[in-house]
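A short worksheet on the structure shown next.
Residue numbers run from 1 in the order of the sequence given.
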Amino acid sequence: MSENQPVETSHAGPEQSIQPRQPVVADSERRVRLSDLAEKLGQTVQVKRSIVGKIETMQRARQAAQADADAAREKWREKLREGDGTLTREVQKLRVAERSALSLAEEYGSFEEEIAKDVPRVELEAVDLASKCISLRSAVVQDAAEQLYDETLMQVTDSLALAFEVFCRAENSGLPSRQKSTVDELAGQFFWRINRHICRCLDDAPVGDQVDAYLALPQFDLQDVDMDIVRSPARREMLRKEALSSESA
């Protein structure tokens with residue numbers, strides 16, 4: 001780079017907004033795999049919700065039957081006290097109603113336990129799928145970042161080189177050789193200004209939307225997935241043993 005050419009002055013034009021880009025290739029092997037996993041995760045989470053819903057239904061039914069049994073027992077005890085221990089027909093009916101309600105509560109409890117055996121298996125499946133989705137999504141984003149970086153660098157390298165050359169000459173113009181900044185020193189200033197400009201652009205609300213549109217990633221249904229288990233290999237292994245135990249029971 002020559003240091004003796006005349007100073008070039010330039011005026012920065014208006015800031016350009018980030019232009020939207022076409023989404024990254026949607027049929028890459030990783031992206032197809034990610035879409036499949038996201039779909040399976042959604043289905044598994046729905047199965048888990050259905051099972052949990054059935055368990056809650058059985059719990060409510062069991063509690064209602066137990067409440068009926070408690071109420072019948074309270075009534076026949078009261079009638080027995082009022083009748084000085086006489087076992088009247090009304091008392092007998094109330095005792096039959098109590099036993100019937102208790103039997104029903106026991107059945108609901110049995111159904112609840114039977115349904116609950118599927119919870120560890122479905123929970124483990126959801127956790128495993130969520131872990132794979134999160135890991136694969138990171139890989140897809142990394143691929144997209146590298147692809148976009150390479151494409152952008154190819155497009156702007158010549159312009160940046162020209163801008164940097166002009167910047168260097170402007171900064172060193174009119175200075176004696178011993179006072180002129182080195183290329184490395186000027187590069188720090190030059191790219192700091194670029195970084196500051198980029199950071200200002202990142203503050204614009206549309207940038208996040210443009211990133212989402214560019215990446216075009218599938219949505220994950222993680223609302224009912226235990227993320228603590230996803231993040232803990234030890235807890236996942238415990239859940240795996242619990243699932244195997246429930247299947248063999």
Side-chain angles (χ1 to χ4, degrees), residues 1 10 12-45 124-171 181-223 225-237:
M1 172 173 52
S10 62
E15 295 186 0
Q16 300 295 320
S17 61
I18 296 178
Q19 297 300 316
R21 290 178 175 269
Q22 294 298 318
V24 292
V25 178
D27 59 352
S28 67
E29 183 178 345
R30 280 179 169 174
R31 293 180 68 84
V32 171
R33 176 63 176 157
L34 180 60
S35 296
D36 290 342
L37 286 175
E39 182 178 357
K40 290 179 181 178
L41 174 61
Q43 294 171 349
T44 302
V45 170
L124 177 62
E125 186 176 352
V127 165
D128 283 343
L129 285 169
S131 178
K132 291 176 182 177
C133 282
I134 293 171
S135 177
L136 190 54
R137 178 176 60 184
S138 297
V140 169
V141 172
Q142 184 65 38
D143 287 345
E146 292 178 0
Q147 176 183 328
L148 184 56
Y149 178 81
D150 291 342
E151 291 176 357
T152 303
L153 197 61
M154 290 179 62
Q155 294 172 6
V156 303
T157 296
D158 291 342
S159 297
L160 281 176
L162 176 62
F164 182 51
E165 173 72 14
V166 174
F167 174 80
C168 291
R169 294 186 187 183
E171 291 296 311
S181 300
T182 65
V183 171
D184 287 341
E185 292 171 340
L186 292 172
Q189 300 176 37
F190 179 77
F191 288 104
W192 177 83
R193 290 172 62 179
I194 292 178
N195 179 69
R196 185 176 61 176
H197 177 77
I198 292 174
C199 289
R200 285 201 301 267
C201 292
L202 292 177
D203 292 334
D204 294 338
V207 174
D209 295 336
Q210 291 174 8
V211 171
D212 293 338
Y214 175 74
L215 293 175
L217 295 172
Q219 296 297 312
F220 299 159
D221 188 351
L222 299 174
Q223 185 174 355
V225 178
D226 192 331
M227 297 306 295
D228 289 335
I229 300 179
V230 173
R231 290 186 285 264
S232 172
R235 291 190 60 182
R236 201 184 311 175
E237 187 59 30

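Between R31 and L217, some side-chain heavy-atom pair lies under the 4.5 Å cut-off. The closest side-chain heavy-atom distance from I194 to L160 is below 4.5 Å. Side-chain contact between V225 and L129 is absent, with no heavy-atom pair separated by less than 4.5 Å. When side chains are defined from C-beta on, T44 does not count as touching D221, because their heavy atoms never get closer than 4.5 Å.
In this structure, the separation between CG on L202 and NE2 on H197 is 10.0 Å, given to the nearest 0.5 Å. Distance check: C133 SG to D36 CG gives 10.0 Å after rounding to the nearest 0.5 Å. Taking CE from M227 and OG from S131, the interatomic distance works out to 8.5 Å, rounded to the nearest 0.5 Å. With rounding to the nearest 0.5 angstrom, the CG atom of L34 is 12.0 Å from the CD atom of E39.
Residues passing the side-chain contact (heavy atoms from CB on, under 4.5 Å) test with S232, sequence neighbours excluded: A234, R235. In this structure E185 satisfies the salt bridge (Lys or Arg N to Asp or Glu O under 4.0 Å) test with no other residue, sequence neighbours excluded. For D128, the salt bridge (Lys or Arg N to Asp or Glu O under 4.0 Å) test picks out R236, R240, with sequence neighbours left out. Contacts of D158 classified as salt bridge (Lys or Arg N to Asp or Glu O under 4.0 Å), with partners at least two apart in sequence or in another chain: none. With sequence neighbours left out, the salt bridge (Lys or Arg N to Asp or Glu O under 4.0 Å) criterion links R231 to D228. Listed by chain and residue number, V166 satisfy the side-chain contact (heavy atoms from CB on, under 4.5 Å) test with L162 (two or more places apart in sequence, or in another chain). For Q189, the side-chain contact (heavy atoms from CB on, under 4.5 Å) criterion is met by F167, E171, L186, not counting sequence neighbours. For the side-chain contact (heavy atoms from CB on, under 4.5 Å) test, no residue two or more places apart in sequence or in another chain qualifies with Q219. In this structure F220 satisfies the ring-ring contact (aromatic ring centres under 6.0 Å, His included) test with no other residue, sequence neighbours excluded.
For the pair T157 (side chain) and L153 (backbone), a donor-acceptor distance under 3.5 Å is present.
The minimum heavy-atom distance between C201 and V207, with the atom names listed, is O-CG2, 3.1 Å. Summarising the geometry of L222 relative to A130, their closest heavy-atom pair is CD2-CB, 3.7 Å, with the distance given to 0.1 Å.
Sorted by first and then second residue, the salt bridge (charged side-chain N to carboxylate O under 4.0 Å, His left out) pairs with a member in residues 135-147 read R30-D143; sequence neighbours excluded.
Here R33 does not pair with E29 in a salt bridge; the nearest charged N to carboxylate O distance is not below 4.0 Å.
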